[in-house]
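My questions all concern the structure below.
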Amino acid sequence: RGRPAAAAPGRALRAGPSCAGWDATASGARNAATMPPPAAMRWARAPVRGWARRIFGVARQAQLAWSPAGWRRGFAAASATEAPSLEFIRNVAIIAHVDHGKTTLVDQLMRQSGMGIKVTERMLDSKDLEQERGITILSKATRVAWNGYLFNIVDTPGHADFGGEVERVLSMVDGVVLLVDMVEGPKTQTKFVLQKALQRPEMKPLVVINKVDRPQVREAGEVENDIFDVFAAMATSDDQLDYPTLYASGKVGFCARSLEEARSENRPTDMLALFETIRDHVPPPKPGEVDPAIVALDEKCGGFSMLVSQMDRLPALGPTVTGKVNTGTLHKGDKIFAKTLEGEIVDSGKVKEITVVQGVTREPIKKAVAGDIVAVSVSGFTPKWTQTLISHTKVPSIPCTAIDPPVISVRASVNDSPLAGRDGKYITMLSIGERLEKEAMTNPAIEVIQSPQRDFFEIRGRGEMQIGILVEEMRREGYEMSLSPPMVVRKKTEDGVWTEPWEEVIIEVDNEHTSTVIDRMSTRGGTVHEVTTVPGDRQSIKFEIATSSFLGMRSWLRDATGGTAAVVAEFKDMRPVGPAPPRERNGVLISNNTGTATPVDLTKAARLGKLFIGEGVDVYPGMIFGESNDMSDIDTNISRKHDGYRSAGNLATPQELKLEQALTYIMEDEKVEVTPKRIVMRKVILDAAERKNAAKAAAKGG
């Protein structure tokens with residue numbers, strides 16, 4: 001009674017008397033038919049009231065939506081928090097180039113899983129900067145229940161500066177979905193992330209060619225051949241070359257098994273092909289082996305172990321580790337230890353909570369089982385990267401690959417400009433240090449070192465974009481600070497030789513810019529190792545260059561190529577320190593008075609060079625407001641009071657620099673002032689006379 005009957009396609013089903021007012025589409029019944037046989041039998045035979053009681057309990061019986069779609073959502077929700085047996089678990093990462101649509105694709109998977117999640121656009125891009133820039137900065141792991149299977153899906157960053165995120169999460173998954181734009185094809189940053197994944201021979205890849213609904217599509221087979229060439233160069237096993245290829249539109253929300261099907265009038269209307277391919281192609285997780293002697297000693301947890309793959313500090317939960325359970329099981333309240341790679345027990349505490357993320361909602365679970373990806377909140381200590389959480393001291397630590405070290409550093413100190421404290425909420429060294437230490441705990445690619453005099457913090461990272469993102473986040477949170485020019489992280493060998501980092505840089509540009517880029521990189525000491533032709537009348541050039549010589553090149557490439565260049569830089573090795581790169585920047589225009597920039601004075605100053613600020617900006621002595629036409633610095637007044645007229649001609653649009661551009665623009669005697677409302681450059685010594693005296697003293701000393 002009330003059980004739905006078959007209906008014509010597209011026609012709504014109407015319930016019997018016991019479910020008056022119930023309405024559902026035929027798609028819900030179709031989804032029921034695709035369930036595994038045991039679930040389908042329960043669907044067909046179990047009374048509605050009994051089924052609801054077993055899944056949700058008597059208390060929630062009245063809340064259950066009496067429709068096939070509602071039943072499916074209830075089944076998914078019930079199985080998403082508690083892990084099924086291993087054969088029904090799939091751990092998979094989605095990797096792609098910046099803005100190729102991977103976050104949108106994950107949105108569709110959550111929307112169509114039947115879990116009843118309310119999905120918003122770019123749901124996993126939880127940070128404002130991620131949504132603004134269209135890139136994924138921090139990796140997120142979420143779980144999706146579909147037709148009796150549990151998919152742990154990891155959305156990974158697509159920019160090389162955030163490669164630390166990529167490396168640590170790929171150890172949690174058994175397969176990767178490579179998402180490639182139908183028009184652009186595989187890009188340099190796609191290759192960077194894919195190479196990290198394919199370094200594990202057992203990793204199972206599958207390819208999704210996205211945005212097939214775009215009008216500008218390439219000829220059939222062209223993108224597929226480009227993708228195969230990438231796999232042929234990077235695969236570490238023959239099985240990785242035997243990957244399935246799907247065709248999808250994450251924006252529209254469909255996935256097909258062939259290009260012809262995707263372009264046909266009867267193309268699919270859902271992501272079923274992707275769900276089924278992940279289920280069939282990606283293997284279930286394999287738990288590690290545990291010594292029977294350890295199991296006998298640790299009967300309750302069976303020798304639990306989990307590598308620290310992701311760290312966070314959550315409100316009410318405290319230090320929380322996300323990772324894949326390697327062996328054993330874990331329950332709330334269990335005692336837990338932290339063991340280093342060398343096998344030393346360094347900390348101990350208790351399990352405060354075990355949680356998982358469904359969509360963007362964190363839910364507690366009863367226990368963690370081997371093969372599942374969970375978050376373990378601990379009390380009593382704070383775990384660290386490369387450590388292993390274990391339930392017994394005899395359980396061995398889990399080996400892990402080293403994360404590439406940071407290559408550049410920036411010094412952050414209090415803002416000491418004349419306008420300090422006017423915009424920010426957090427302005428002291430203590431508050432800045434606390435925020436940086438929090439970031440270092442959750443981001444393995446960031447290191448924070450306090451100076452012996454405690455007058456600055458040295459922030460170390462992989463690139464100017466990564467450090468720029470961190471400082472931009474702090475700025476929006478209300479922090480004020482001053483930043484020094486980026487410096488390379490040098491190390492001293494046992495022989496007393498100072499070394500600096502070198503990077504392997506791949507630059508992809510249009511053919512017309514190739515010679516210009518090679519000339520520029522050569523003048524900075526870079527050497528060309530490989531030049532290959534890529535689709536779209538473009539060339540990919542591989543260089544080796546010192547990190548110190550490459551600083552600022554991203555901004556130059558953006559300007560020289562009109563924003564069409566793609567750059568990937570990866571740490572190569574440490575080599576003896578070489579000569580400093582030649583100075584390529586002109587002098588700067590400097591304000592010599594306090595006030596507000598006027599259009600009359602800015603128009604006059606524009607004859608001396610290009611401007612970085614517009615009218616109405618507050619200025620002070622020593623503040624940089626433009627670049628001069630020659631190599632000399634020019635101090636001038638741009639804040640005079642003018643009576644009777646406002647302008648002396650048309651004022652050119654200023655070239656405002658973003659934070660990363662400003663960092664790589666400034667020189668040793670300059671720094672960047674960062675507040676919630678301002679990003680401006682200034683001289684370290686504000687007074688012009690003092691700067692001249694300091695320059696003379698330095699010249700005599702040299």
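All of these numbers come straight from a predicted model, not from anything done at the bench.
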*Where do Leu483 and Ile666 come nearest, in terms of heavy atoms and distance?*
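Taking Leu483 first and Ile666 second, the nearest heavy atoms are O-CD1, 4.0 Å.
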*Does the Asp347 side chain pair with the main chain of Ala338, one donor and one acceptor, at a distance under 3.5 Å?*
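Answer holds: no.
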*Positive for side chain to side chain donor-acceptor pair (under 3.5 Å) with Ser409, one of Glu447, Arg460, Glu458*: Glu458
_Non-hydrogen side-chain atoms of Tyr665 and Val588 separated by less than 4.5 Å_ =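 SC-SC contact between Tyr665 and Val588 confirmed.
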_Inter-residue atom distance Leu419.CG - Tyr620.OH, 0.5 Å rounding_ =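 The OH atom of Tyr620 is 6.5 Å from CG of Leu419, to the nearest 0.5 Å.
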*Would you sort out whether Arg411 and Met487 count as a side-chain contact (heavy atoms from CB on, under 4.5 Å), showing the intermediate values?*
CA-CA 9 Å; Arg411 292 181 176 180; Met487 301 175 293; 3.7 Å; yes
_Validation row: Leu611, Phe625 side chains within 4.5 angstrom (heavy atoms)_ = yes
*Taking C-beta and beyond as the side chain, do Pro319 and Pro383 meet within less than 4.5 Å on heavy atoms?*
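The answer is yes, as the side chains (C-beta and beyond) meet within the 4.5 Å cut-off.
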*Take Glu464 and Leu551 through the side-chain contact (heavy atoms from CB on, under 4.5 Å) test and state the conclusion after the steps.*
CA-CA 8 Å; Glu464 57 263 35; Leu551 285 176; 4.0 Å; yes
*Salt bridge or not for Glu473 and Arg435, using N-O below 4.0 Å?*
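Between Arg435 and Glu473 there is a salt bridge, with a charged N closer than 4.0 Å to a carboxylate O.
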*Are the side chain of Asp312 and the backbone N or O of Leu314 linked by a donor-acceptor pair below 3.5 Å?*
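Pair absent, no side-chain N/O of Asp312 close to backbone of Leu314.
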*Is atom CD of Glu668 surrounded by more than 12 heavy atoms (other residues, nucleotides or ligands) closer than 6.0 Å?*
no
_Basic-acidic side-chain contact under 4.0 Å: Lys438, Glu434_ = no
*Arg691 and Asp635 ion-paired at < 4.0 Å*: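 A salt bridge is present here (some side-chain N lies under 4.0 Å from a carboxylate O).
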*Rounded to the nearest 0.5 Å, how far apart are CD of Glu627 and CD of Gln655?*
8.0 Å
*Is the number of heavy atoms from other residues, nucleotides or ligands under 6.0 Å of Arg583 CZ greater than 12?*
yes
*Check: Thr442 side chain, Ala440 main-chain N or O, donor-acceptor pair, under 3.5 Å*: no
_Can you give me the closest heavy-atom contact between Leu659 and Val674, atom names plus distance?_
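Heavy-atom minimum between the residues: CD1-CG2, 3.9 Å.
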*Where the side chain of Glu500 meets the backbone of Thr547, is there a donor-acceptor pair that is under 3.5 Å apart?*
no
*asked:* Between Ser482 and Asn415, is the side-chain contact (heavy atoms from CB on, under 4.5 Å) condition met? List the steps.
replied: CA-CA 5 Å; Ser482 295; Asn415 180 19; 3.7 Å; yes
*Closest heavy-atom contact between Gly349 and Phe381?*
N-CE2, 3.5 Å
*Is any side-chain heavy atom of Ile685 less than 4.5 Å from a side-chain heavy atom of Asp669?*
no
_Salt-bridge contact Lys683-Glu670 (side-chain N to carboxylate O under 4.0 Å)_ = yes
*Is the closest basic N to carboxylate O distance between Glu353 and Arg362 below 4.0 Å?*
no
*Is the closest side-chain heavy-atom distance between Met521 and Met553 below 4.5 Å?*
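Yes. Closest side-chain heavy atoms under 4.5 Å.
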*Does any non-hydrogen side-chain atom of Arg678 lie less than 4.5 Å from one of Asp618?*
yes
_Could you measure the distance from the CD1 atom of Ile467 to the CD1 atom of Ile459? Nearest 0.5 Å is fine._
6.5 Å
*Going by heavy atoms in the side chains, are His513 and Leu557 under 4.5 Å from each other?*
no
*Salt bridge or not for Arg475 and Asp423, using N-O below 4.0 Å?*
no
*Is a donor on one side and an acceptor on the other found under 3.5 Å between the side chain of Gln108 and the backbone of Gly250?*
yes
*Can you check whether Ile679 reaches Val672 side chain to side chain, under 4.5 Å on heavy atoms?*
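Side-chain contact under 4.5 Å: yes.
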*Nearest 0.5 Å please: distance from the CD atom of Glu584 over to the CZ atom of Arg524.*
4.0 Å
*Residue among Met441, Gln466, Arg462 satisfying side-chain contact (heavy atoms from CB on, under 4.5 Å) with Ile446*: Gln466
*Could you tell me whether Glu660 and Arg554 have a side-chain N and a carboxylate O separated by less than 4.0 Å?*
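So Glu660 does not pair with Arg554 through a salt bridge.
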*Atom OG in Ser417, atom CE in Met623: separation rounded to 0.5 Å?*
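Interatomic distance, Ser417 OG to Met623 CE, rounded to 0.5 Å: 9.5 Å.
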*asked:* Before you tell me yes or no, could you show the steps for Thr322 and Val357 under side-chain contact (heavy atoms from CB on, under 4.5 Å), namely the whole-Å CA-CA distance, both residues' side-chain angles and the distance that decides it to 0.1 Å?
replied: CA-CA 10 Å; Thr322 300; Val357 176; over 6 Å; no
*asked:* Atom CZ of residue position Arg490 - does it have more than 12 heavy atoms of other residues, nucleotides or ligands inside 6.0 Å?
replied: no
*To the nearest 0.5 angstrom, please state how far the CG atom of Leu589 sits from the CG atom of Asp633.*
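The CG atom of Leu589 sits 8.5 Å away from the CG atom of Asp633.
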*With a 4.0 Å cut-off, would you call Lys196 and Glu570 a salt bridge?*
yes
*Member of Thr598, Thr594, Asn593, Val619 meeting the side-chain contact (heavy atoms from CB on, under 4.5 Å) criterion with Asn637*: Asn593
*asked:* Using only atom types and a distance under 3.5 Å, with no angle test, would you say the side chain of Lys352 pairs donor to acceptor with the backbone of Ala316?
replied: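 Answer holds: yes.
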